[in-house]
Protein chains: 2
Amino acid sequence: MAVESFSQSTVTELVPRQSSRRSHALFVALQKEIVLGQLVPEQALTELDLAQRFQCSQGTVREALMQLSEEGLVKRLPNRGTHVAPCHADDARALLELRRDVECRHLDRVVSRADAALKGDLHALLNAMRNAARDGDEYLLSVHDRAFHTRLFETADLPLVTPILTRCLIHNHRYKILNSQPNRALEETAERHVPILHALEARDVEALRGLLSHHIATIVDFGPDLTSVDGA
Amino acid sequence: MAVESFSQSTVTELVPRQSSRRSHALFVALQKEIVLGQLVPEQALTELDLAQRFQCSQGTVREALMQLSEEGLVKRLPNRGTHVAPCHADDARALLELRRDVECRHLDRVVSRADAALKGDLHALLNAMRNAARDGDEYLLSVHDRAFHTRLFETADLPLVTPILTRCLIHNHRYKILNSQPNRALEETAERHVPILHALEARDVEALRGLLSHHIATIVDFGPDLTSVDGA
DNA sequence: CGATCTTGCATTATCGATAATTCATAGGTT
DNA sequence: AACCTATGAATTATCGATAATGCAAGATCG
């Protein structure tokens with residue numbers, strides 16, 4: 001129990017303290033609604049409505065919407081409003097392939113920079129995933145899943161690339177959640193990260209690449225095979 | 001002359017009418033200063049200073065800064081301010097590889113959707129590049145260069161991927177401009193797009209892929225070779 | 001009857017002012 | 001001397017109100 005609460009607090013602190021910002025709270029709430037499909041693709045989001053609903057000013061809503069736009073979850077047209085982004089299979093597949101490339105290409109940098117802090121954080125996130133899976137909370141599981149892969153990639157120290165991975169991750173999960181029956185095998189999803197962690201601890205770049213590539217290729221079933229390298 | 005002014009207006013209309021928004025004007029201005037290095041990496045940008053400098057309110061500046069953050073040209077830390085993004089070789093190389101993957105992977109979709117409007121727009125943009133090169137305006141050349149590649153990729157109809165390409169493009173150009181003597185061979189840079197255009201008009205996907213791949217790999221000289229596929 | 005031109009409404013864009021946060025510095029305590 | 005603690009200046013975050021824009025419905029004209 002002590003271990004559990006400790007790892008929980010560790011995970012909490014992995015998120016930079018932003019909860020005090022209203023715009024960020026709004027961003028998080030809307031992000032969840034979009035990923036879960038409670039806000040459907042192409043739905044219009046009017047700023048004053050959201051302001052009233054979340055008891056804040058229009059400017060604060062605007063900021064949250066711009067943050068969502070940064071992840072591609074909404075599209076903003078000047079003077080014309082904000083709409084929830086579409087979620088088509090073609091985009092989803094392209095983003096999944098892109099994610100595989102990004103995550104797998106720089107694993108040598110990850111392994112060479114891996115340290116105890118990384119190991120600790122990833123174990124904490126794995127634990128958080130297990131807890132979310134046990135509680136049947138698919139969204140919370142996906143949050144920690146994204147944090148796991150982000151934390152891993154941040155170790156490559158390519159700060160200009162990380163936001164691109166963030167974008168891929170959220171859309172991967174959105175497509176998966178929107179196109180599958182809820183609550184299938186959550187616990188299995190969490191456990192799928194264990195071999196990745198082991199390969200990392202063994203500092204085996206090639207094994208890690210193979211595992212991650214497979215891990216990503218099997219997130220969503222895209223017809224023939226995502227594993228074949230068809231790009232260039 | 002008539003042709004020139006026509007293509008100019010065509011190019012102008014390729015940009016959605018946003019010039020009436022102060023925040024967008026600010027965004028464009030700051031984007032230029034960052035890409036040209038007039039604002040140096042890690043430099044702090046305080047909102048009220050910019051508001052005074054551009055004669056607008058703090059809120060408008062915030063919006064412009066968030067748009068810049070969307071492209072990764074600045075990094076915003078909650079309650080701590082905004083700084084110009086770093087510009088390291090490792091990131092630049094990773095983003096160039098990523099750009100090559102993105103642009104080359106979906107050329108089949110581009111070719112299958114290519115129409116007269118695309119051809120017209122790309123010719124107009126090529127012309128705009130030539131004009132900018134003739135005038136020795138390296139930045140304007142880069143603007144049209146990005147528009148050219150963006151317009152080409154938009155034809156693939158993967159709206160969730162396009163912003164990622166946008167991000168790669170701006171950082172490619174920023175790194176190139178920040179790490180080279182100004183005004184080398186601008187006209188050559190414009191002409192380098194001609195064979196791409198021809199392959200597109202011939203609807204030859206493989207030729208197009210080869211040309212684009214080489215085009216991108218030779219933008220910046222990154223040591224050994226960017227052409228080898230080293231990612232999975 | 002169709003096309004163009006107003007007019008009003010819904011919504012976004014901008015502003016100026018106030019509140020909240022951070023950071024550095026100075027002062028006090030053990 | 002090391003360690004808190006409090007104060008204040010600088011800056012960001014939020015608010016409420018006003019201006020500007022776009023859209024649709026109705027009016028006017030050929």
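As a basis for the values below, the full set of heavy atoms in this structure was taken, side chains included, without hydrogen atoms, waters or symmetry mates. We name chains A, B, ... by the order of the sequence lines, and we start the count at 1 in each one.
Shown here are the side-chain contact (heavy atoms from CB on, under 4.5 Å) partners of L36(B), two or more places apart in sequence or in another chain: K32(B), Q38(B), Y139(B), I177(B). Qualifying side-chain contact (heavy atoms from CB on, under 4.5 Å) partners for A117(B), counting only residues two or more places apart in sequence or in other chains: D115(B), R151(B). In this view, E70(A) and S69(B), E70(B) satisfy the side-chain contact (heavy atoms from CB on, under 4.5 Å) rule, not counting sequence neighbours.
Over its length, the helix from dC1(C)-dG30(D) to dT30(C)-dA1(D) turns its helix axis by 10°, as judged from the five terminal pairs at each end, rounded to 10°.
Listed candidates were dC23(C), dT21(D), dT14(C). Nearest to the side chain of R80(B) is dC23(C). Nearest nucleotide to the side chain of R21(B), out of dA13(D), dA13(C), dT21(C): dA13(C).
For T60(B), no side-chain nitrogen or oxygen approaches OP1 or OP2 of dA13(C) to under 4.0 Å. Taking side-chain N and O atoms only, S23(A) has a distance below 4.0 Å to OP1 or OP2 of dT14(D).
For the 3.5 Å distance criterion, the side chains of H144(A) and H193(A) fail to qualify, holding no donor opposite an acceptor. Side-chain polar atoms of H123(B) and N127(B) form no donor-acceptor pair below 3.5 angstrom.
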Enumerate all atom pairs, one protein N or O and one N or O from nucleotides 6-10 of chain C, separated by less than 3.5 Å.
none

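Side-chain contact between L26(A) and L50(A) is absent, with no heavy-atom pair separated by less than 4.5 Å.
Rounded to a whole Å, the CZ atom of R76(B) is 8 Å from the P atom of dT12(D). Computed from coordinates, the L26(B) CG to dT14(C) C1' distance equals 12 Å when rounded to whole Å. Here the C1' atom of nucleotide dA13(C) and the CE atom of M66(B) are 15 Å apart, to the nearest Å. dA13(C) atom C1' lies 14 Å from atom CD of E63(A), rounded to whole Å. dA19(C) atom C1' lies 12 Å from atom CZ of R22(A), rounded to whole Å. Distance R62(A) CZ to dG16(D) C1': 15 Å, rounded to the nearest Å.
For E201(B), the CD atom sits in a packed shell: over 12 heavy atoms of surrounding residues, nucleotides or ligands are nearer than 6.0 Å.
Across all strands shown, G59(A) has no heavy atoms under 4.0 Å from either base or sugar-phosphate atoms.
Scanning both residues, L118(B) and L200(B), for their nearest heavy atoms gives CD2-CD2, 3.8 Å. Between A85(B) and G72(B), the shortest heavy-atom distance links the atoms CB-O, 3.2 Å.
Taking CD of E97(B) as the reference point, atom SG of C168(B) lies at 10.5 Å (rounded to 0.5 Å).
Residues from residues 44-58 of chain B lying near DNA chain D, meaning a heavy-atom separation below 4.0 Å, are L45(B), T46(B), E47(B), L48(B), Q58(B) in numerical order.
Tested against H215(B) for a side-chain hydrogen bond (donor to acceptor under 3.5 Å, both in side chains), the candidates E103(B), R100(B), H149(B) yield a single pass: H149(B).
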